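Everything on this sheet refers to the single structure shown next.
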Amino acid sequence: MGKPQTQAGKLASAVEGDVLRAAALLPAITRLQALAGDFCGAVSENPSLPEQRQILRRVHSLLNLSVWLDGPDIALKPGSPRVTAAHVNGAVDYCLDAYRHLALLAPKLAFVDLLLDFFQTALGGDGQAIVAAAARLRIAADAAQLAATPAEASTDAAPKAGTIPPYRLSDFRARDWEAAEYVLLPIRGLRSPALAELQQAPSANAPLSASVASLSAEQAAHLATPNILHSSHEDGPKLAALTQSDVLRLKISAPGVRVLPQVFYEPARSPMLELAPALRGATAAPAQLSVRIVDAVTRQPVMGARLVAFTDFAARLGAEGFSDAAGGIQLALAQEQRIEVLVIYGPAGYWGLYRAATTLEEGARLPLQAVDLNIPDHLQLLYGANSPSAGEGVTVGVIDTGIDASHPHLMLAGGAAFVVAESDAGGPGPGPAAVEGGHGTHVAGILAGRGTVPGGRRGVAPGIKLMSYRVFPNAGGGASNYDIIRAIDRGVADGCDLLNLSFGGEVRDEAVREAIKDAFDKGTLCLAASGNDRRGSVSYPARWPEALAVAAVGRLGSFPAGSAEELDVQAPFSPLDASLFAAGFSNIGNEIDLAGPGVGIVSTVPGGGYGVMSGTSMACPAVAGAAAALLARHPAVLAMPRDSQRAIEMLRLLNTAARSMGFAREYEGLGLLP
């Protein structure tokens, strides 16, 4: 088995009529299909949804490539090196032998991408470019072989050939023949006969790892053709795997269908401070500094607190760690280290801690204050006196990470999971996602918590009918626009009057906008968090005019002195009430419609307890709860036919009731609901 050819001078020059014969490339095609099967088997070894998505993209790409190669002969550029099918087949053999030595996913992804790049070049027929691509492939293959060779056996090895390029899971670019995932929608609305005419979703999601390797060329071609991955309804939105050529063909064959990119959103909780990725854990001091996190009153250890100590805050340099069962944290810092900014984010049941210009000493005990449900936060100061029946007769859907229906202070009426990657059923269904799933439960408690002091907290509108639609995957990561539009569609079908969208992103996404417009046309209002980019532009979907964009405000004295929430205190302050401030994390702009309390909000968390969160994610359900309480007092509006006029009348009630807090428009919109 020979190495990929790297010296163009050893090859004769191609003349007019020279080709890479497709029939002679059959060995390479067969090996690409076998590699697709082997690579697909890595899905079960890498349970993270982002990782699985990257693996399956490469599987589909390898199969698409095998179809392209099994087509017409490839004309070689005259005057360029005369590469033959034997060279290509030999290069594939050499590389696949090296691939077997790779154990980790990231180098496997990088290696497969280099192989795909090599064939992308081969399809162009330029011998000089093919030889250069082969050289890059050989360097990676030799690096993989070298890494697998014991040091004592490699003394006579050739000089180090190089390394496989560094790779991140987010590094994906579609080649002309590669399929990417798209959302298919009508030109207007969510349903149309044009969508019904498209291929329907597969009847089952059978595992591929055991079968892909044995596919015939004809079967591989069938699998590699553009396909519908999921269909919400026969005539509704669809998720499709399409190559760039497929997209163009679809524009011709189905002009009534829009092809929109798949977009992912993140929860709009205020982000925690972090070290710079390149500097995380970096320090010139080898010493280990031990500190302990304790309860401020009992002095008992607090487990699960996250400490970040910045020795250089501007450069985000320092050290961090989580407290163990004994409350201990080992930090890569010198003893009596000078710290510019120290922040601790408490686990559920605790406030955080913030100190500036301090010194950390060996064995220091850092106290966290436990949440005292007797002391009102900003939400309780505004809405704590609401009736237990506030919001009765109004249905509100929470599209989020899921809600813990077992929490004693939440009453969930129903819901569902909308995560295509989990077949809409993975794990808890509408319950909290397995990773970072507390967000939706916290949002739900703000809306409709039914607890009472001293053992609990009441939400803004406890009397609502609460629905949960989980769109964030159990493995963590963002929620796709396709899953979100399905959840919005279901919320409308379930009779939701309001839908709470406590998530956001920077990408202009027409798919979710269309779902929000469709909901409006059917008498449902969507409220969306403005985002937490520290006074950045309003994020999507809040930025769309069809949604109500919600910003966050805070109140001095509604969280403990010295808590991490002090980092969110920032001008401007209200000229009507000097204790009110626009939250430092909140995005602002003329798109803002309303504002709500979002700094240091205490609410329900999975497991039956209470925790503190900040963000426009918290302000959004506060406004949604106030809106539900207001709408419940106007049954005539709720009884209107479910169309756009109903939504307009609901908007009229909310906009008329809002009262300014004295901030400029871009900070509060119309202001605060009573």
Side-chain angles (χ1 to χ4, degrees), residues 267-273 295-296 302 305-306 308 341-356 367-384 438-439 441-447 449 451 453 456-460 502 529-532 534-535 550-574 577-587 595-605 609-623 625-626 661 663 667-668 672:
R269 181 181 179 182
S270 176
M272 298 180 181
L273 293 178
D295 185 289
V302 175
R306 177 172 175 260
V308 189
V341 173
L342 171 71
V343 61
I344 301 176
Y345 297 101
Y350 284 90
W351 294 91
L353 179 70
Y354 164 61
R355 290 180 182 175
L368 298 186
Q369 294 190 48
V371 170
D372 186 344
L373 296 176
N374 291 289
I375 301 175
D377 60 7
H378 193 189
L379 184 78
Q380 293 299 302
L381 291 171
L382 286 170
Y383 304 111
H439 186 269
T441 301
H442 198 272
V443 165
I446 293 171
L447 257 171
V453 175
R457 282 281 175 89
R458 183 179 296 167
V460 183
S502 285
S530 70
N532 308 295
R534 303 199 69 81
R535 306 289 168 79
V550 178
V553 295
R555 178 180 287 277
L556 296 175
S558 65
F559 42 84
S563 67
E565 284 66 33
E566 288 192 350
L567 288 164
D568 300 323
V569 178
Q570 186 175 331
F573 291 84
S574 167
D577 183 345
S579 68
L580 288 179
F581 59 92
F585 53 74
S586 182
N587 288 354
V599 179
I601 305 302
V602 177
S603 184
T604 50
V605 292
Y610 282 79
V612 182
M613 293 188 191
S614 297
T616 54
S617 269
M618 287 59 251
C620 192
V623 172
M661 292 172 282
F663 297 107
Y667 294 99
E668 68 168 6
L672 190 74

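Because the structure is predicted, anything quoted here is derived from the model rather than measured.
Atoms CE and CE, on Met613 and Met618 in that order, are 5.5 Å from each other to the nearest 0.5 Å. Atoms CZ and CG, from Arg306 and Leu273 in turn, are 8.0 Å apart once rounded to the nearest 0.5 Å. Rounded to the nearest 0.5 Å, atoms CD1 (Ile344) and CE (Met272) are 12.5 Å apart.
For residues 613-623, no residue pair satisfies the salt bridge (charged side-chain N to carboxylate O under 4.0 Å, His left out) rule, not counting sequence neighbours. Residue pairs meeting the side-chain hydrogen bond (donor to acceptor under 3.5 Å, both in side chains) criterion with at least one member in residues 341-356, sequence neighbours excluded: Asp295-Tyr350.
Scanning all heavy atoms of the two residues, the minimum distance from Pro376 to Leu381 falls at CG-CD2, 3.8 Å. Listed here is the closest heavy atom pair of Glu668 and Met661: OE1-N, 2.8 Å. In plain terms, the two heavy atoms of Ala622 and Tyr383 that are nearest each other are O-CE1, 4.5 Å. Across all their heavy atoms, Val612 and Gly600 have their closest contact at CG1-CA, 3.8 Å. Smallest separation of non-hydrogen atoms from Gly584 and Gln570: CA-OE1, 3.4 Å. Counting all heavy atoms, side chain and backbone alike, Phe573 lies closest to Ala578 at CD2-O, 3.4 Å.
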Per-pair distances, 0.1 Å, donor-acceptor, side chain in residues 551-566, under 3.5 Å, sequence neighbours excluded:
{"from": "Arg555", "atom 1": "NH1", "to": "Asp577", "atom 2": "OD2", "distance (Å)": "3.1"}
{"from": "Arg555", "atom 1": "NH1", "to": "Ser579", "atom 2": "OG", "distance (Å)": "2.7"}
{"from": "Arg555", "atom 1": "NH2", "to": "Asp577", "atom 2": "OD2", "distance (Å)": "3.3"}
{"from": "Ser558", "atom 1": "OG", "to": "Arg555", "atom 2": "O", "distance (Å)": "2.6"}
{"from": "Ser563", "atom 1": "OG", "to": "Pro560", "atom 2": "O", "distance (Å)": "2.9"}
{"from": "Ser563", "atom 1": "OG", "to": "Glu565", "atom 2": "OE1", "distance (Å)": "3.1"}
{"from": "Glu566", "atom 1": "OE2", "to": "Gly562", "atom 2": "N", "distance (Å)": "2.8"}

- Item | Criterion side chain to side chain donor-acceptor pair (under 3.5 Å) on His439 and Ser617, from CA distance to verdict | CA-CA 8 Å; His439 186 269; Ser617 269; 2.7 Å; yes

- Task: Would you sort out whether His442 and Arg269 count as a side-chain contact (heavy atoms from CB on, under 4.5 Å), showing the intermediate values?
- Result: CA-CA 10 Å; His442 198 272; Arg269 181 181 179 182; over 6 Å; no

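The residue from Leu580, Val623, Leu382 that alone fulfils the side-chain contact (heavy atoms from CB on, under 4.5 Å) condition with Leu672 is Leu382.
A distance-only check finds no donor-acceptor pair linking the side chain of His378 to the backbone of Val599 [under 3.5 Å]. Within the 3.5 Å criterion, the main-chain N or O of Ser614 finds no donor-acceptor partner in the side chain of Ser270. Listed for the Ser502 side chain is no donor-acceptor partner under 3.5 Å among the backbone atoms of Ala529.
The side chain to side chain donor-acceptor pair (under 3.5 Å) check on Arg457 picks up Asp377, with sequence neighbours excluded. In this structure, the side chain to side chain donor-acceptor pair (under 3.5 Å) partners of Tyr610, at least two apart in sequence or on a different chain, are His409. Judged as a side chain to side chain donor-acceptor pair (under 3.5 Å), and not counting sequence neighbours, the contacts of Thr616 are Asn532.
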